[in-house]
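Letters go in sequence order (proteins before strands), and every chain restarts at 1.
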Number of protein chains: 2
Amino acid sequence: MLDQADTWLPQPDLDQVDVGTVLQALSDPVRLRIVRLLDAAGEGSCSTLDVPVKHSTVSHHLRTLRESGLLATRLVGNTRLSRLRKDEMERRFPGLLTSILTATPPVEVLVTTETPGPIS
Amino acid sequence: MLDQADTWLPQPDLDQVDVGTVLQALSDPVRLRIVRLLDAAGEGSCSTLDVPVKHSTVSHHLRTLRESGLLATRLVGNTRLSRLRKDEMERRFPGLLTSILTATPPVEVLVTTETPGPIS
DNA sequence: CGCAATAAACGATGGAAATCGAACATGTGC
DNA sequence: GCACATGTTCGATTTCCATCGTTTATTGCG
């Protein structure tokens with residue numbers, strides 16, 4: 001492993017990835033959290049990601065994210081370090097990932113119903 | 001025809017909308033198509049949208065999109081014209097809708113699945 | 001006042017996906 | 001070699017949701 005370059009899991013060419021596939025991958029709350037964690041940490045593995053599901057489920061989500069083009073996974077010994085394909089995603093879908101990662105959480109307000117006009 | 005202002009269906013305040021909710025709404029292919037059609041046409045109703053599902057299903061999707069903050073629906077007679085809340089979405093999630101609406105379809109590549117043999 | 005048109009509300013159903021546990025594979029270190 | 005840690009894969013289960021047909025409500029029109 002010392003004198004050898006990293007090996008990577010197969011990943012799709014982003015030119016052949018549809019934006020609907022990416023949105024589908026990001027629609028799951030756990031996967032969205034994984035994406036945010038990876039953006040903050042740079043890299044992460046199945047066991048280091050702090051998500052409220054079991055390891056087998058995390059593995060499934062990481063596979064989904066990788067097959068949708070969002071992640072790149074490199075094999076280091078016994079662990080698999082995944083990272084966001086941020087630059088490539090930015091070239092393929094400019095502004096998409098950035099807008100999601102920089103999105104602020106919703107404002108916590110008690111009374112909410114904005115009704116522009118009377119209904120009945 | 002009357003001198004009365006339009007009435008609108010209730011819609012959420014975008015400040016209280018989570019980006020995950022929007023991604024969830026956009027993850028469905030039919031809803032993504034509806035969003036694109038509305039972006040192109042400006043406005044549309046349940047019967048004018050060209051989607052491959054029944055009207056009741058379109059109604060359900062329009063409701064989902066409206067409750068996620070993506071659509072505003074105004075009542076005109078017995079029809080309901082929906083439009084994208086594009087400007088508000090741009091302020092709440094800068095770049096998100098734009099990146100999705102301007103996303104190019106995946107590149108169609110001719111892939112030879114056979115082994116690279118001699119060209120006969 | 002009926003009648004057609006538009007669309008939402010309702011209930012049911014089929015299929016897809018998330019989740020889990022167990023089994024299996026692989027690499028690490030003693 | 002053996003025990004342990006890390007992850008994937010498989011099968012089963014369960015939950016969610018897209019879809020549909022029907023019904024209900026409202027509007028517009030004769």
- prompt: Of all the nucleotides listed (C/dA5, D/dG7, C/dT26), which has the minimum atom distance to the side chain of A/Ser47?
  reply: D/dG7
Looking only at heavy atoms, what is the nearest atom pair of [X] and [Y], with distance?
X       : Y       : result
B/Arg83 : B/Gly42 : CB-O, 3.3 Å
A/Leu71 : A/Gln11 : O-OE1, 3.9 Å
A/Phe93 : A/Val17 : CZ-O, 3.5 Å
B/Asp50 : B/Leu37 : O-CD1, 3.6 Å

Whole angstroms only, please: what is the [atom1]-[atom2] distance between [X] and [N]?
X       : N      : atom1 : atom2 : result
B/Arg80 : D/dA25 : CZ    : P     : 14 Å
A/Leu81 : C/dG27 : CG    : C1'   : 14 Å
B/Leu9  : C/dA7  : CG    : C1'   : 11 Å

Do side-chain atoms of [X] reach the backbone of [Y] as a donor and acceptor pair under 3.5 angstrom?
X       : Y       : answer
A/Thr98 : A/Gly95 : no
B/Arg31 : B/Ala25 : yes
A/Thr79 : A/Leu75 : no
A/Arg92 : A/Leu14 : yes

message: Identify the stems formed by DNA chain D, where each pair is Watson-Crick or G-U wobble with both distances under 3.5 angstrom and a stem is at least 3 consecutive pairs.
response: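 Output for stems: C:1-30 with D:1-30.
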field: Check: A/Arg36 and A/Leu101 side chains under 4.5 Å, non-hydrogen atoms
entry: yes
query: Are a donor atom and an acceptor atom from the side chains of A/Ser82 and A/Thr73 found within less than 3.5 Å of each other?
result: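 Per modelled atom types, A/Ser82 and A/Thr73 side chains form a pair under 3.5 Å.
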Residues in contact with DNA chain C, drawn from residues 27-36 of chain B - heavy-atom cutoff 4.0 Å: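 Close to the strand, none.
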- prompt: Where along residues 49-69 of chain B does a heavy atom come under 4.0 Å from DNA chain C, residue by residue in number order?
  reply: B/Ser56, B/Ser59, B/Arg63
message: When you measure only distances, ignoring hydrogens and angles, does the side chain of A/Asn78 come within 3.5 Å of the base of D/dA5 through a donor and an acceptor?
response: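 Yes, the side chain and the base share a sub-3.5 Å donor-acceptor pair.
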query: Does the distance from a Lys or Arg side-chain N to an Asp or Glu carboxylate O, for A/Lys86 and A/Glu90, drop under 4.0 Å?
result: no
